[in-house]
Amino acid sequence: MRVELTQAAFDAGARLSAFSAGRSEVGAVVSFTGLCRSAPGLTALELEAYPGFTETIIRGVAETTVSEHGLLDLEIIHRIGRIAPGEPIVWVAAAAAHRRAAFEGCDRMMDFLKSRAPFWKREHLTGGDARWIEPTAQDHADLARWAAAPAESETR
Amino acid sequence: MRVELTQAAFDAGARLSAFSAGRSEVGAVVSFTGLCRSAPGLTALELEAYPGFTETIIRGVAETTVSEHGLLDLEIIHRIGRIAPGEPIVWVAAAAAHRRAAFEGCDRMMDFLKSRAPFWKREHLTGGDARWIEPTAQDHADLARWAAAPAESETR
Amino acid sequence: MARVLLFGRLADVAGWRERAFDAATLASLRSELLLSDPALGEALAGRGVQAAVDQTLVRGDIALTAASEVAFLPPMSGG
Amino acid sequence: MARVLLFGRLADVAGWRERAFDAATLASLRSELLLSDPALGEALAGRGVQAAVDQTLVRGDIALTAASEVAFLPPMSGG
């Protein structure tokens with residue numbers, strides 16, 4: 001299991017190649033790549049983390065996800081700092097013997113990362129304006145699907 | 001949308017890099033990589049397709065999946081011929097504006113590919129024995145989750 | 001002379017994958033296959049085996065022409 | 001002298017991200033921040049704002065030492 005925050009742009013495909021290589025025990029790898037979408041007036045996203053704290057919280061949820069979904073491995077790469085439209089923001093890969101566990105583990109990890117992970121997100125707009133973004137109602141509804149999950153209480 | 005059957009081994013990561021590149025309209029890319037699992041006595045899997053027919057059936061289900069889940073793109077690469085343990089058998093990537101559609105589209109496509117796609121699968125065992133494999137009850141249960149899907153009738 | 005294709009275990013049962021047969025309908029083709037190779041005829045009538053004519057799945061009978069491609073497909077295993 | 005860290009919009013409100021304060025408890029630190037900067041004090045009491053002491057989320061009051069790291073966290077937006 002691996003949790004990495006990075007200031008630098010990364011190539012999701014290169015991560016997938018490395019993650020999948022030499023896994024003859026694994027039947028299924030599901031990866032999620034979250035890209036910065038372009039929007040009118042958006043010049044960049046900026047993500048702030050609380051160094052140490054952010055990784056610890058993510059690692060705790062990742063450990064729960066690995067054990068509850070029976071994953072063989074789980075990897076999370078998350079950008080921080082300024083991110084241009086079209087660049088990957090987050091990449092999660094889940095490996096399991098069978099595909100259902102890999103899909104569910106990756107999906108659940110993303111629901112957490114998108115809605116409750118300790119990041120603060122700001123949109124930079126043309127003209128120099130910037131505004132902070134808070135999680136959407138959809139993000140909370142997605143997360144509620146894993147109702148019994150310790151993920152909820154850990155970040156409350 | 002792209003459906004490809006290939007005799008040659010492929011690198012799932014390289015496909016993901018190509019699929020994700022330059023997509024500033026897309027927020028979410030979910031990819032599934034199905035690897036050949038090693039098992040005691042297994043030397044290789046062999047997949048047979050009906051050239052033309054197999055691609056047409058897969059393309060039909062892919063088109064339904066794109067339109068019903070509102071995907072921005074969908075790509076399917078499937079090995080045929082002999083596949084060694086640890087090698088990718090199938091790779092599916094779904095791109096969408098938001099992650100729920102990307103997860104569901106990829107998941108549904110895989111349920112179809114694993115249970116009802118027109119392939120015939122054989123395990124080659126040490127000593128030269130070989131045996132044909134039929135879909136599992138779990139595969140059928142997974143597919144039944146998308147009950148209203150034309151995918152079912154198309155392959156009946 | 002319809003072209004007949006066998007897939008998966010059906011080709012193992014028959015010992016061939018592709019062969020030409022003279023048959024005016026799918027039903028008469030099935031009869032001919034059963035007569036010439038009872039084991040194959042029985043396998044073709046087995047649970048889940050489907051027939052495709054010119055790459056379209058067919059239930060029941062259908063006329064064949066000299067250019068027809070007839071495929072017998074065991075239950076599809078998925079990938 | 002606890003080290004105080006502000007994240008997200010809280011740092012914008014305050015105009016700083018990290019500063020040392022002299023406070024024996026989290027509650028007294030909050031009072032001091034409210035007195036010195038009412039807009040920040042109000043933001044810290046806002047909905048969903050959490051406090052962490054030495055990287056552990058804290059509800060209610062807690063004693064601080066000179067080595068304490070106190071972070072104020074607006075609602076986490078996710079990535």
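Just so we're on the same page: letters track the sequence lines, and every chain starts at 1. Here the structure is a predicted model, which means the values were calculated and not measured.
- Here the shortest heavy-atom pairing between A/Leu47 and D/Gly78 reads CD2-O, 4.0 Å.
- Contact tally against chain A (heavy-atom pairs below 4.5 Å) for D/Leu5, D/Asp12, D/Thr56: the top residue is D/Asp12.
- Formation of a donor-acceptor pair under 3.5 Å by the D/Gln55 side chain with backbone atoms of A/Thr54 is not found in this model.
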Exercise. Could you walk me through whether D/Leu10 and A/Trp120 pass the side chain to side chain contact (heavy atoms under 4.5 Å, CB included) test, one step at a time?
Key: CA-CA 10 Å; D/Leu10 299 176; A/Trp120 298 277; over 6 Å; no
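- Looking at D/Glu69 and A/Tyr50, their side chains come closer than 4.5 Å, going by heavy atoms from C-beta outward.
- No side-chain heavy atom of A/Trp132 sits less than 4.5 Å from a side-chain heavy atom of D/Ser77.
- Proximity to chain D is limited to the backbone of A/Ala49, based on heavy atoms less than 4.5 angstrom apart.
- Here the closest non-hydrogen pair linking D/Met76 and A/Arg116 is SD-O, 3.6 Å.
- Taking A/Arg122, A/Met110, A/Arg131 one by one and counting their heavy-atom pairs under 4.5 Å with chain D, the maximum is reached by A/Arg122.
- Proximity to chain A is limited to the backbone of D/Leu6, based on heavy atoms less than 4.5 angstrom apart.
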